Amino acid sequence: MPELPEVENARRVLLRAELPGRSITRANVGWAPTVKQPSLEDFVLGLPSKQILSINRRGKYILLPLDSDETFIIHLGMTGGVSVQPASREVEPMVRHTFHLDDGRVLWFRDPRKFGHLWLTADPYSALPSLGPEPLSDGLTVNYLSEKFRDRNAPVKALLLEQSVVAGLGNLYVDESLFHAGVNPTRHAGSLTTSELVKLKDCIVNSLTNAIAIYDRAREEHWPDPPSALHTWTIPRKAGEPCPRCGAPIATMRVRARGTFFCPSCQPPEA
DNA sequence: AGTACGTCCTGATCGC
DNA sequence: TGCGATCAGGACGTAC
């Protein structure tokens, strides 16, 4: 479930691999529906010989501006992951797409469930849906959340999952933020008090910041991959486990068809 | 407009 | 032990 911290980690992996400055020489698309724009043919013909200038991130999207003034956009979906590999290496089974680089290496896009998406566009911000503020770099304010939540009856969790409200949050970090803020996921968004909004905003920022720091450490120290030690969240994602704050058994429910974990004692249903 | 839910996918896990 | 059923959930489309 790549969310903001995982996508940011992917961005840093590509930076460390010195992707900027390289050009793509060949694009192999193994699952056509992944390409959202332009047509598959134009996408595959359009990428080669263009140099990658930098690697940016907006919400859960990785944006690679090219020297053609176009942008190569990658969305990891639910199971996507990128890595840069030697061309000599045999491509692993779940790698759906490969992008050969002018230095002999290959950018792998691994995507078991094929939920990832790719774009090549001269106008990235109209190709992408409208996105809310970046919680870490734009500065998430209580006033903004208050305005977005005003008169809204939907569960606060549902609104936090909307990328147009806050960019980059997903199921995991929403649960994590609500847990630390002591807010029940089913609370009507409009019913949150100002002090709850203050707490929620801080907990969103802290959850994401902490997770990114853990990924940074994991890369620096070459933690094994995939690691159970690489838990970036603190609330157990298993019913009955003790709440890390009060020890009460963690409960589970479905909110908008999403598996939701919360502490019934720290996050009471009503304010 | 706001809210809710089905759909796409397939590896992992669950339960009989 | 094995095998079919269920689960996972980001973003979009559709429906009320």
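Quick caveat, the model's predicted, so the values are computed rather than measured. In what follows, every chain begins at residue 1, and chains take the letters A, B, ... in the order their sequences are listed.
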Quiz item: So does A:Arg96 pair up with A:Asp111, basic N to acidic O under 4.0 Å?
Solution: no
Practice problem: Sticking with atom P, work out how far B:dG6 lies from C:dT6, rounded to a whole angstrom. | Solution: 15 Å
Quiz item: Distance-only, no hydrogens or angles: does the A:Ser130 side chain make a donor-acceptor pair with backbone N or O of A:Ser164 under 3.5 Å?
Solution: no
Exercise. Mind calculating the distance between NE2 (A:His75) and C1' (C:dA11) to the nearest angstrom?
Key: 7 Å
Self-check item: A:Gln163 side chain near C:dG10 phosphate (N/O to OP1/OP2, under 4.0 Å)
Solution: no
Practice problem: Measure the distance from CG on A:Asp151 to P on B:dT3 and round it to the nearest whole Å. | Solution: 10 Å
Quiz item: Contact class for A:Ala154 vs. all strands (heavy atom < 4.0 Å): base, sugar-phosphate, or nothing?
Solution: sugar-phosphate
Quiz prompt | Close residues, residues 116-134 of chain A, relative to DNA chain B [heavy-atom separation under 4.0 Å] | solution = none
Self-check item: Options C:dG10, B:dG11, B:dT3, nucleotide nearest the side-chain atoms of A:Met94
Solution: B:dG11
Quiz item: Salt-bridged, A:Lys50 to A:Asp67, with N to O below 4.0 Å?
Solution: no
Self-check item: Value rounded to 0.5 Å, distance of CZ in A:Phe99 from CD1 in A:Ile52
Solution: 9.5 Å
Practice problem: Would you mind reading off the distance between A:Met253 atom CE and C:dA8 atom P, rounded to a whole angstrom? | Solution: 14 Å
Quiz item: Are any of A:Arg258's side-chain N or O atoms less than 4.0 Å away from OP1 or OP2 of C:dA8?
Solution: no
Exercise. May I ask you to verify if any side-chain N or O of A:Lys114 is less than 4.0 angstrom from the OP1 or OP2 atom of B:dT10?
Key: yes
Practice problem: Identify, between A:Pro33 and A:Ala158, the residue whose nearest nucleotide on DNA chain B lies closer to the 5' end. | Solution: A:Ala158
Practice problem: Report the distance from atom CH2 of A:Trp31 to atom P of B:dG11, rounded to the nearest whole Å. | Solution: 12 Å
Quiz item: According to a strict under-4.0 Å criterion, is A:Arg113 in side-chain N/O contact with OP1 or OP2 of B:dT7?
Solution: no
Quiz item: Rounding to the closest angstrom, what is the interatomic distance between C:dG4 and B:dC9 at atom P?
Solution: 23 Å
Exercise. Could you state the atom-to-atom distance from CG of A:Leu159 to P of B:dA4 in whole Å?
Key: 10 Å
Practice problem: Check the distance between C:dC7's C1' and A:Arg254's CZ and give it to me in whole angstrom. | Solution: 8 Å
Self-check item: Whole-Å distance separating the CD atom of A:Glu3 from the P atom of C:dA8
Solution: 15 Å
Exercise. Tell me which nucleotide among C:dC12, B:dT10, C:dA8 gets nearest to the side chain of A:Tyr61.
Key: C:dC12
Practice problem: Quickly work out the A:Leu161 CG to B:dA4 P distance and round it to whole Å. | Solution: 13 Å
Self-check item: Distance in Å, A:Tyr215 OH paired with A:Arg12 CZ, rounded so as to fall on 0.5 Å steps
Solution: 12.0 Å
Quiz item: In a check of side-chain hydrogen bond (donor to acceptor under 3.5 Å, both in side chains) between A:Asn171 and each of A:Lys157, A:Glu176, A:Arg256, A:Glu3, which one passes?
Solution: A:Lys157
Quiz item: What distance do A:Ile235 atom CD1 and A:Asp175 atom CG have between them, rounded to the nearest 0.5 Å?
Solution: 6.5 Å
Self-check item: Sugar-phosphate, base or nothing in reach of A:Asn153, heavy atoms under 4.0 Å
Solution: sugar-phosphate
Quiz item: Which part of the nucleic acid, if any, lies within contact of A:Pro155, taking any heavy atom under 4.0 Å across all strands shown: a base, the sugar-phosphate backbone alone, or nothing?
Solution: sugar-phosphate
Quiz prompt | A:Glu221 atom CD, over 12 foreign heavy atoms within 6.0 Å | solution = yes
